[in-house]
Amino acid sequence: MRPRPKLTVLALACLLTACASKRGTPDNEPTIQSLAHREITVEKDQAIHTNEAQAIEAYRQFLAGAPAAAQRAEALRRIGDLEMDRADSASADPAATGAPDYRAAIARYQDYLKAYPADPSNDRVLYQLARAQEQGGDLDAALKTLSLLVRDFPATAVSDEAQFRRGELLFTARDYAQAEKAYAAVLSAGPGSPYHDRALYMQGWSQFKQGRLDDALQAFFGVLDLKLANVLDDDSLDASEGLTRADRELVEDTFRVSSLSLANLQGAEAIPALINTPLRRAYAFRVYEQLGELYIKQDRPKDAADTFTLFAQREPFDAQAPVLQARVIDIYERGGFANLALAAKKDYAARYGRHSAFRNAKPQAWARAQPLLKTHLAELARHHHAQAQKSKRSADYQEAVHWYREYLASFPADPQAAQNNFLLAELLFEDARFAEASIEYEKAAYDYPPHDKSADAGYAALLSHAQQQKKADASQLPALQQASVASALRFARAFPADSRAGPVLTDAAEKLYALHDGDQAASVAQQVLDLQPPAAEAQRRVAWTVLAHTAFERGAFDVSEKAYGEVLKLTAVKAPGRQELIERQAASVYKQGEQARSAGQLREAVAHFTRVAEVAPQSTVRATAQYDAAAVLIALKDWDGATRTLEDFRQRYPHNPLQADVSPKLALAYIEQGQWGSAAGELERLATTSKDPKVARDALWQAAEYHEKVGSRGPAAKAYERHLALTLAQRPTPLEPAIEARARLAHLARQDGNAARELALMKDILQADQNGGAARTDRTRYLGATAALALAEPVAQAYRKVALVEPLQKQLKLKKARMEEGLKAYAVAADYGVADVSTAATFHIASLYRDFGKALMGSERPRKLSKVELEQYNVMLEEQAFPFEEKASELHEVNARRAAAGIYDEWVKRSFAALRELQPVRYGKNERSEGVVDAIR
């Protein structure tokens, strides 16, 4: 809480004594001070001409002559009244000298009271006596008389006046507590008493003098309630028609003493508790205003400003709130409190700006506040602009921007709006807020009538757009470029005579091209080329570049080829980017070749592809063009031309990525020309360079076949071996290709007579198939069966090499063991169930059995056998050989029966031939096939 300022008792006493030094009865005089000097106009009696002295003498004579008359009391009282009137007349006479003498009137009234102490009308006599005593200067006696009056005649008609006069006398005597009671007695009569308002006022003074400031304020505010009930809240006291001059003086005095009371309490903080009715809210403004003015007189500007501010805070929608808030700003500025003044201006803008609630609540008062608001907004913007330029702090920039925006939004039609809008844009640019700056520059340039900064603002907007693009990412750039182009075209339209129009149009053409708006980009570029005088060389080079690019992109490659040529004429030989232009020109030629190829004009396509080497021999597209020329020659079936072109390409561009595709194309060309060896070589090259294992394996397989085709078994075998190695390296290894490759290698080994190599491969085939699991196929089973059959043949040959000679028992055992091995080997092949392998295996098994029987019969006979023993031995051999012949017949019959299932291959036929020898009766007839089949069935 703020400490209350001290006011000396002496100063207060002097002030209040001056206000209440004189007394009187209520009349139409304007002030309380005039009560002691009231003027009474007495109409002259036209019939009787007399004066107070004559009337007094007449009454005295009456009293002397009629001591027992009933009118004696009245006459005695009338003498006192006449003496009173004579003294009053003397007091009112300007020509009179000396003080009026009320002693005679006092004596007469006192005589009357002694003579008639119980008269019921003595209240009137006491009233007159007290008045005479007061007028005569005997204030103590007057006070005693008035006290007697109110004590003995509480219901007297002059009670409220008597109490009021008592209060005045008590106040003068500094008996403030008793004076307060006297005024309270007046107030108890109610508001109808003519002394009510002044009694309330003086009651407040009595409480004030006692130091009871809170009670005093209640009384003072009661006076204000009575006097300001019909005064508008935005009227001044001097202009108000609802107050007489006396009331205005009373109200002004009440405000002053209220302010003194408040200043000695908590100041403005004590006011809200008193403003507790709608009426008081209506004049609350004056309470704060008067207190603030008191503080100003006391040289307390901060307290004054706080008081005015508190009103604006407590009564934000009062029509006078802006007035007091403006006073706050003025106080701070006059006192040199710059920061406080600045804060007050911000507060003013917040309270009475365009979005303030005050605008809707008090539209007329809001309108009156706007001129000052405009001034403050402009000052705030300029202050923070200057501050930002010094500090370079973003916060200061943001503050200045806020006030510029508020100014422009609040006063868009103000003559200074355009200039302030430009300053706002400059400020945003300085703070690197380029997006916002571009918007504000464009407003300053185009949204106001032309002014001296219009063109500069329009061009500055383009600089802002450029700054945005420097910091934008790829996703933001197109939209920013579009906005920049729109701004540039707007600038060129608005300021065509400006020297910056040419560069601006050039930049716009570039950006339109970047935005993929080819038609408009080309149109703007043509405007640059059509400028007169001609645009600068650099600008024309950009324009031609845009025209070339747009023509290229819309497929007008003949036009783009020419345009790129113009660009190259304007580009120095060693200038950066020249090679790129050459590439674009070469691409234009190349694209013409593509168009011709798509249209089926293949010879024209070859011509364009070939022309690339003439137009741009160092271009990167030259290699592609040559490759495509070869491809088109292949399409034309010009195998010789394609071969020459591809071979030159291989030699000229050994590291070109397209080299990977040269081999298959050359292979095709060689194949079409029947050059099998060359084709095989290209396929092997392809296998070496390809990163796709499948492509490599297929190429090797095809190369091996072409090698075989020309009888080159060695190269063919190497190709198959490479194929097999690639296949085995694959995980999981594909079973069938691996077995197939071994089969081809085994075939070549057989052709070369390399039996060991062949058998080794057959073992690998058989083992791979038998271990193949779910990966086995019909083909792998077939090759496995074939391998098993081939592997059985050496075993059978080993069996046949064993001769049954002496020692027979040993040889017989060996031959039989070899036979078992052969039977097992052929059984492996037969178990595959592959038809032609099974028939072969069955035939060979049967042959082994038959051969074993024959071998027994042809075995070497023991020596030294007699003829009989020899015969017996032969019979025994026949008995031993017969089961083998029977077994052979059974197996051949198994083969023969396969004919009924449609299997009639070489081995079935040979089984039939063997059966004709073994069973000539049954199979020796020359029957038709059907008969044989039927017989087997």
Side-chain angles (χ1 to χ4, degrees), residues 505-531 534-636 638 641 645 648-649 652-653 656-658:
L505 281 173
T506 302
D507 183 68
E510 283 189 293
K511 286 188 171 63
L512 283 167
Y513 172 73
L515 291 169
H516 309 293
D517 190 350
D519 292 341
Q520 192 174 5
S523 175
V524 175
Q526 192 61 53
Q527 292 179 47
V528 176
L529 294 174
D530 293 340
L531 285 175
E537 184 176 286
Q539 295 165 19
R540 287 188 290 113
R541 183 171 62 83
V542 171
W544 275 116
T545 302
V546 171
L547 286 174
H549 288 345
T550 54
F552 187 93
E553 290 174 1
R554 71 172 182 268
F557 299 115
D558 54 339
V559 175
S560 65
E561 180 185 356
K562 178 181 178 182
Y564 282 125
E566 294 296 331
V567 178
L568 287 168
K569 291 178 183 178
L570 297 170
T571 304
V573 174
K574 295 184 178 181
R578 180 179 176 84
Q579 184 59 38
E580 182 180 354
L581 293 170
I582 293 172
E583 295 291 346
R584 298 286 287 187
Q585 187 181 32
S588 296
V589 179
Y590 176 80
K591 288 292 185 179
Q592 292 177 64
E594 286 188 324
Q595 286 179 330
R597 180 174 60 191
S598 298
Q601 301 169 351
L602 300 184
R603 284 298 173 187
E604 289 80 354
V606 171
H608 285 303
F609 289 142
T610 304
R611 192 162 61 86
V612 171
E614 301 171 5
V615 174
Q618 302 303 317
S619 65
T620 57
V621 76
R622 176 183 176 181
T624 303
Q626 183 172 343
Y627 178 86
D628 285 353
V632 175
L633 288 169
I634 289 174
L636 288 167
D638 186 348
T645 303
D648 181 75
F649 179 88
R652 190 180 298 275
Y653 309 108
N656 191 284
L658 292 173

message: If you apply the rule salt bridge (charged side-chain N to carboxylate O under 4.0 Å, His left out), what do you find for E614 with R611, and how did you get there?
response: CA-CA 5 Å; E614 301 171 5; R611 192 162 61 86; 5.9 Å; no
- prompt: Hey, which of V567, L568, V621 is the one that makes side chain to side chain contact (heavy atoms under 4.5 Å, CB included) with Q585?
  reply: L568
- prompt: Rounded to the nearest 0.5 Å, how far does OG1 of T545 lie from OH of Y513?
  reply: 10.0 Å
message: Please report the interatomic distance CD(E594) to OG1(T624), rounded to the nearest 0.5 Å.
response: 9.5 Å
Closest contact, heavy atoms only, V559 versus R554: CG1-NH2, 4.4 Å
task: Any chance you could measure T645, atom OG1, to I634, atom CD1, to the nearest 0.5 Å?
output: 9.0 Å
message: Using every non-hydrogen atom in the two residues, find where V546 and A521 come nearest and quote the distance to one decimal.
response: CG1-O, 3.6 Å
message: If you compare all heavy atoms of L547 against all heavy atoms of A525, which two are closest, and at what distance to 0.1 Å?
response: CG-CB, 4.1 Å
task: Could you label the plane-to-plane angle of the F557 and F552 rings as parallel, tilted or perpendicular, counting under 30° as parallel and over 60° as perpendicular?
output: perpendicular
- request: Name all residues meeting the side chain to side chain donor-acceptor pair (under 3.5 Å) criterion together with N656; count only those two or more places apart in sequence or in a different chain, and write none if there are none.
  value: none
- prompt: Quick one: NZ on K591 to CZ on R584, what's the gap to the nearest 0.5 Å?
  reply: 10.0 Å
- prompt: Minimum heavy-atom separation for E537 to L570, with atom names?
  reply: CG-CD2, 3.8 Å
- prompt: Taking the side chain from Q626 and the backbone from A613, do they hold a donor-acceptor pair closer than 3.5 Å?
  reply: no
message: Applying side chain to side chain donor-acceptor pair (under 3.5 Å), can you list everything that pairs with T506, at least two apart in sequence or on another chain?
response: none
- prompt: Taking only residues at least two apart or on different chains, which pairs with a member in residues 563-577 satisfy salt bridge (charged side-chain N to carboxylate O under 4.0 Å, His left out)?
  reply: E566-K569
- prompt: If you round to the nearest 0.5 Å, how far is CD of Q539 from CG of D507?
  reply: 10.5 Å
query: After noting the C-alpha distance and the side-chain angles of Q618 and I582, does the key distance pass the side chain to side chain contact (heavy atoms under 4.5 Å, CB included) rule?
result: CA-CA 9 Å; Q618 302 303 317; I582 293 172; over 6 Å; no
Output a table of donor-acceptor pairs, distance under 3.5 Å, between side-chain atoms of residues 599-606 and any protein atom two or more places apart or on a different chain; print 'none' if there are none.
none

query: Could you give the distance from CG (L505) to CG (L529), rounded to the nearest 0.5 Å?
result: 11.0 Å
field: Over all atoms of both residues, closest heavy-atom pair of S619 and A616
entry: OG-O, 2.8 Å
message: Show me the pairs that pass ring-ring contact (aromatic ring centres under 6.0 Å, His included) and involve residues 561-586, at least two apart or across chains.
response: H549-Y564
- prompt: Does atom CG of D530 have more than 12 heavy-atom neighbours, drawn from other residues, nucleotides or ligands, at distances under 6.0 Å?
  reply: yes
task: For residues V612 and R622, report the shortest heavy-atom separation together with the two atoms involved.
output: CG1-CA, 3.8 Å
query: Does Y653 have any ring-ring contact (aromatic ring centres under 6.0 Å, His included) partners at least two apart in sequence or in another chain, and if so, which?
result: F649
Min side-chain heavy-atom separation L581-T571 under 4.5 Å: yes
- prompt: Side chains of Q526 and S523: does their closest heavy-atom pair fall under 4.5 Å?
  reply: no
